[in-house]
Every structure is written in C-alpha cells, then in structure tokens.
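Throughout, residue positions are numbered sequentially from 1 according to the sequence presented. One-based numbering, in listed order, for ligands and for the atoms of each.
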Amino acid sequence: MSKRLETLRRVLSQHGQAHLLAFADRLDARALGALLDELDAIDFDALDALIDRYVRHDTPVTVPDDLEPAPYYPHDPAGTYNAASYAARGAEIIRAGKVAAFTVAGGQGTRLGWNGPKGTFPATVVTGKPLFRVFAEQIAAAGKTYGVTIPWYIMTSPANDADTRRFFEDNNCFGLSRRNIFMFPQGTMPSIDAATGRLLLAAPGALALNPDGHGGALRALRASGALADMGARGIEHISYFQVDNPLVRIVDPLFIGLHVGAPDSSGEMSSKMVAKAGPDEKVGVFARVDGRTAVIEYSDLPPALAAARNPDGRLTFNAGSIAIHLIGVDFVERMTSDLTLPFHRALKKVPYVDERGELVEPAAANAVKLEMFIFDAIPFASSSIVYETGRVEEFAPIKNASGTDSVATSHQLQSDRAANWLESAGVTVARTADGRAAAKIEISPLTALAPADLRVADLPERIDAGAEVLL
Ligand code: UTP
C-alpha cells in the first residue's frame, strides 16, 4: 500500500492535485484502498488538458456564419414522402426483433428536486404513475402489438443505481421479464474547483464525481456489456429517450422506417424534432454544419438567427431538438472504438471538503462539471435525418418543480394529447377557451399506444369540464 501511495503522491504533485491525499493517513485500509482506486482510474495527463480548456479558459463555441437549418421530414407528409410505406417498413423491423428501448436515467435531476431517481417520479395525470411504469407499459404493449420481445436498457448513475434497481424489484419490474431489462451505471468525471482547477473531495476519502452526461451513454453501453448483449439478441437499432418525458413514443414504426429506409439516412443516428414554440424557447435546433446535421445549443445560436423567419412566417431555425433518437448498434460500435465526444462545461454548486476536512455547502456555483452530450454524435454519422413529431403528441418533459416544463405543464399536455386522441375516435371533450383539454384525462399505454388503438376500446360519449377520466 505504501508504495502505491507514494507513487500516487508523486503523480498528483506533478499535476497540482496533491491535496487529494491530504487526509490519507486518517483513512482505514479499506477507505484508503477505495480512494487510491478512484485516483488510479484517472488519466491525469488527459485531465490536465480538459482543465486547461474548460476550467482555466472557457473556450466559446463558434457558430459558422453560413449556418443553415437542417431539412426535416414534416409531421404531415402532405405528399412529400410516403409515410404509410415507411411505417410498414418500420413495423417489419420491429416485428423482426431488431429494436431495443434505451432510457438515459443517470442525471441528477437537481431542478426537479425529487428525493429519488427521476424515473420514480409520479408523472401521470390521474393515477400518478411513475415514469418508469409509463415506459414499461409502453414496452409491454408494443411487444404485444408486434409479437416480439423489446429489451429495455436503462442507464443509471453510480449515485442512483441501487435505488433504481430497488424500485424495479419492489414493483416486480412492472410485469416485464427481468431477463429483458439491462441496467447499468454510467461513467463519472471528477468535479473541478472553478477557481483553482483542483479536483474536489466529497469526503476525506472520496472524490467529488459527477455523471459524465447523457453523451456518456455511448461509452457506458460498451463498457457495461449492453452493446454485446444487443449484438447477441440481434438488436440493430436503439430507441433512445430521456427519463423525464412521459409522452415519448418509444416504438414508433414511422420514425424507425425513415431511419432505416429514407434515401438520405445512413441508419446511424436519426432525431425527432418539434417546431419551436418561439425564438426564445430554450431548446437546441437542428442545423447543417459543413454539410452535416448537428444540434446547435440554444445558448450558442446568435439571437438574429434564432429570430430569423422564412417568407411564410415560420422560424428559419424551427427544428427544436427533443432528445429522442434512433441510434444504430453499429454506429455505437464505431463511436466507441476510435472516437470520443467533446466535453461541455457546466458551472454548478458542488459540496466539498475543505483543507480542514470539513464539508462545505457552497452558496454559489463553485465547480465545473464536465459532461458529454448525446447529440454531439450526430455529425459523426455520414448522413443523419430529422423527423418532425407533434409537440402535444410527444413532448411533455418534467424538468422543474414548477413553471416551465414542470409537472403542471406536463399534466396539461398529457390531457391535451388524450383529448386529441379521443376526439379522433369520436368522443366529445370539453375544451377551455384557449383550446386546452378542460378535464384530466389519462390513457394507459396498455389501452392505447396510438389513436387507432382507441377504436377497439370502450369509450365514453363525452367528457365534461372538470372530469377525471382514466382509460
Ligand atoms: P437533464 O439535462 O435534464 O439533466 O438530463 P438532469 O441531471 O436530469 O437534471 P438537472 O439538470 O440536474 O435538473 C436529460 C436526460 O439525460 C439524462 C437524465 O437522466 C435525463 O433523462 N442524463 C443526464 C443522464 O443519463 N446522465 C447524465 O450525466 C446527465
């Protein structure tokens, strides 16, 4: 141990991180071993370069002057492409067992402030079903519709992995077979003091670590053996979605058909978008950079471009990213064998142990977290398509406890979508003056995955204002 300790002390002093072993002599052998393991796992040369680039300097992102919007397949094809034939092609791929579901659930969910993994949050309008159950029911129902097993991969983080596993155990995996659920924790990055570039300690014997971003999904898929498991099952395409959107349509035949069959798709990585609500909506937009599809973050899009409009009045950069993708298994193999995604810096409040060994809860942001973003993989695809879905159809994220993208806005959107579906099946639904659903309506994925499934359901004739309806 003492030789290992000495070697690490030397390495750390060369990199200005000697403070990380300041409490080593207070730790028992096991705790010290664990700390040394954490430190040994770090490539300090590579980390120095990251600290220089993202902590000591905040290299601004430059957006090319000739930025163009990315083309997309519109929600209403209106003669532009043959949606029925792509949907049929997608359905074939699903029936052949080539599609897996993949939830990224390793985030810290700080904005929501929920005490537990975000997937355990009660999300639905009438029954308060947790997000994980909503997805499980969709996966079960799609499996039944297509007569196939749809395996479900879930990325957790070291911090929420045990709680997530317990939740699934306590809920009997929501009726799904345990064999078809593959859970794995994502990688981490050390949190770095913004003022000094020194790594922070969360305790005298532990580094402060943060999950390495949803982009860490690519390397975690490989490192965990999930990618190999997909290969063994004959999975070719991964339906990627975030844990906080109860309206996501996980198994979407049209999107899958376009991903595998559109003339301008390489089948490597495709994305869904919704038309931006306005120039100021804080979502990334799909653009073309050097002939490749890319997402430009809202904070990087110059205001003049964000506000630019086409002659028909539509925003020029209209395609808002909603973090729903199809990703080819071969593409993940390629991305993780010789390529890495860039990092992004986020300035956050991170509790740390000071030089006296005492825990400090900072009042202001003190640390840089380094994260990778999944959409940075898109430009690596030789060609990558974007498909427009309806906002009410598929995007009701729960990010905040109140206000924008909160449980309240999500509930309203969930009821709005249910109202649209029911009206398309001939039910009269009360609406508010501004056209929103005036009742709380929840349609279980086990009842309908799409409006067409409602034709066989037992439906009310009308739903009055203020009613609570569960179907
Ligand atoms: P968000 O960007 O909303 O971050 O993640 P978050 O950590 O959940 O929430 P805040 O910002 O702390 O409030 C979008 C999606 O990406 C996943 C999240 O679980 C969510 O599904 N994610 C994010 C990861 O899986 N790992 C990460 O490191 C970050």
Shortest protein heavy-atom distance from [atom], along with the residue and atom involved:
atom                    : value
atom 17 (C) of ligand 1 : Val104 O, 3.7 Å
atom 3 (O) of ligand 1  : Lys399 NZ, 2.8 Å
atom 23 (C) of ligand 1 : Gly107 CA, 3.6 Å
atom 7 (O) of ligand 1  : Gln108 N, 2.8 Å
atom 6 (P) of ligand 1  : Gly109 N, 3.6 Å
atom 16 (O) of ligand 1 : His214 CD2, 3.4 Å
atom 12 (O) of ligand 1 : Thr110 OG1, 2.4 Å
atom 2 (O) of ligand 1  : Arg111 NH2, 3.9 Å

Handout entry: Gly213-ligand 1 polar pair, N/O distance under 3.5 Å
Key =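 Looking only at distances, the answer is yes, because the N/O contact criterion of under 3.5 Å is met.
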Exercise for the section: Would you check whether Gln186 has a nitrogen or oxygen atom less than 3.5 angstrom from a nitrogen or oxygen atom of ligand 1? Expected result: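 Checking ligand 1 against Gln186, an N or O pair does fall under 3.5 Å apart.
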Problem - ring-ring contact (aromatic ring centres under 6.0 Å, His included), paired with Tyr153, selected from Phe184, Phe182, Phe102 - result: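 With Tyr153 as partner, ring-ring contact (aromatic ring centres under 6.0 Å, His included) holds for just one option, Phe182.
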Exercise for the section: Answer with yes or no whether the side chains of Gln414 and Thr124 bring together a donor and an acceptor at under 3.5 Å. Expected result: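 Result is no, nothing qualifies.
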Practice task
Measure Pro211 to ligand 1 on non-hydrogen atoms and call it side chain, backbone, both or neither using the 4.0 Å cut-off.
Solution key: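 Near ligand 1, Pro211 shows its backbone as well as its side chain.
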Exercise for the section: On the 0 to 90° scale, with breaks at 30° and 60°, tag the Phe167-Phe132 ring pair as parallel, tilted or perpendicular. Expected result: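 Correct class here is tilted.
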Distance-minimising heavy-atom pair for [X] and [Y]:
X      : Y      : answer
Ile42  : Pro190 : CD1-CG, 4.0 Å
Phe331 : Ala377 : CZ-O, 3.4 Å
Ala91  : Pro253 : N-CB, 3.9 Å

I need the atoms of ligand 1 closer than 4.0 Å to a non-hydrogen atom of [X], numbered in the order shown.
X      : result
Val243 : 19 (O), 21 (O)
Met155 : 25 (O)
Lys118 : 8 (O)
Gln242 : 14 (C), 15 (C), 21 (O)

Exercise for the section: Take every heavy atom of Gly216, measure it against each atom of ligand 1, and state whether any distance is under 4.0 Å. Expected result: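 No.
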Handout entry: Side-chain heavy-atom pair Lys129, Ser444 within 4.5 angstrom cut-off
Key =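 Heavy-atom side-chain distance check passes, below 4.5 Å.
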Exercise for the section: Please answer whether the main-chain N or O of Ser406 pairs with a side-chain N or O of Thr409 as donor and acceptor at a distance below 3.5 Å. Expected result: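 Side chain of Thr409 to backbone of Ser406, a donor-acceptor pair under 3.5 Å: yes, one is there.
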Exercise for the section: Sort out for me which residue in Leu201, Asn366, Leu207, Asp193 forms a side chain to side chain contact (heavy atoms under 4.5 Å, CB included) with Tyr352. Expected result: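 Result for side chain to side chain contact (heavy atoms under 4.5 Å, CB included) with Tyr352: Asn366.
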Practice task
May I ask you to say whether Arg219 pairs ionically with Asp212, meaning some side-chain N is under 4.0 Å from a carboxylate O?
Solution key: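 Here Arg219 pairs with Asp212 in a salt bridge, since their nearest N and O are under 4.0 Å apart.
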